[in-house]
Enquirer: 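Dumping the structure here so I can ask a few things about it.
These values consider heavy atoms only, across backbone and side chains, with no hydrogens, waters or symmetry-generated copies.
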Amino acid sequence: MKRNRRTALVFWSSFWIMFVGACLFSFLLLPAKTTTFTGSSAHWKAQRVVQVQKLDEDFHMSSHSQLEVWWTGTSGDVMEAQYQLTGLHGMMEQASRILGPLHPWVSGYTGASEGLSDPERDWGFFLTITWKRGTEILHLQSD
């Protein structure tokens, strides 16, 4: 009887220590900060969500971002468009898309190996969209 109690005590103690350790690791050592950048123009609106996660005590970071772009004009006006996303250090992403009936028009998810610096957060991003009616530039700024 004493042996079963000791075994159960050791098992549950080990379980709770591992559980608390995993929680501390997840919430303290891997804090994630999410920044949302939004912008709009006469015919478009866009949102870029950047999630930065601290990996270790040396401040090595990783980031993931998602870009969504919506056409806000009359449906059927645009059949194809190109976009280019520019950050503080130059062009980051570009593509050409054929528009369909579903929104958002662009929904992309990318991973990057670096974080988001304060100057980058303050500067934001520029999204240039070109289609048959012309070109519009959206300045995506943090909320």
Enquirer: Quick one: pull up CD in Gln51 and OG in Ser65 and give me the separation to the nearest 0.5 Å.
Expert: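 Gln51 atom CD to Ser65 atom OG measures 10.5 Å (nearest 0.5 Å).
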
Enquirer: If you round to the nearest 0.5 Å, how far is CD of Glu93 from CD of Gln84?
Expert: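 Going from the CD atom of Gln84 to the CD atom of Glu93 covers 10.5 Å.
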
Enquirer: Roughly how far, to the nearest 0.5 Å, is CZ of Phe126 from OG1 of Thr86?
Expert: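 Reported value, rounded in 0.5 Å steps: 8.5 Å.
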
Enquirer: To the nearest 0.5 Å, how far apart are OG1 in Thr128 and CD1 in Ile137?
Expert: 4.5 Å

Enquirer: To the nearest 0.5 Å, what is the distance between CD on Glu120 and CZ on Phe125?
Expert: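 Separation between the atoms: 6.5 Å.
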
Enquirer: Considering non-hydrogen atoms only, spot the tightest contact between Ser40 and Leu138 and give its length.
Expert: CA-CD2, 3.7 Å

Enquirer: A side-chain contact here means heavy atoms from C-beta on lying under 4.5 Å apart; do Leu127 and Val69 qualify?
Expert: yes

Enquirer: For Trp123, is there any backbone N or O sitting under 3.5 Å from a side-chain donor or acceptor partner on His139?
Expert: yes

Enquirer: Is there side-chain contact between Trp70 and Gln47, with at least one heavy-atom pair below 4.5 Å?
Expert: yes

Enquirer: Quick one: list whatever passes side chain to side chain donor-acceptor pair (under 3.5 Å) with Thr130, sequence neighbours left out.
Expert: Thr135

Enquirer: What closest approach, in Å, do Ile129 and Ala81 show between heavy atoms, and which atom pair accounts for it?
Expert: CG2-CB, 4.3 Å

Enquirer: Tell me, please, which residues at least two apart from Ser142 pass side chain to side chain contact (heavy atoms under 4.5 Å, CB included).
Expert: Thr35, Phe37, Arg121

Enquirer: Report the distance from atom CG of Leu85 to atom CG of Leu140, rounding to the nearest 0.5 Å.
Expert: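 Going from CG on Leu85 over to CG on Leu140, the span is 6.5 Å.
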
Enquirer: Mind checking what makes side chain to side chain contact (heavy atoms under 4.5 Å, CB included) contact with Glu136, not counting sequence neighbours?
Expert: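 Result, side chain to side chain contact (heavy atoms under 4.5 Å, CB included) vs Glu136: Ser41, Ala42, His43, Trp44, Trp131.
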
Enquirer: Give the cluster check for Met92 versus Tyr83: same hydrophobic cluster or not, with ILVMFWY residues linked at side-chain heavy-atom distances below 4.5 Å.
Expert: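 Linked within one cluster.
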
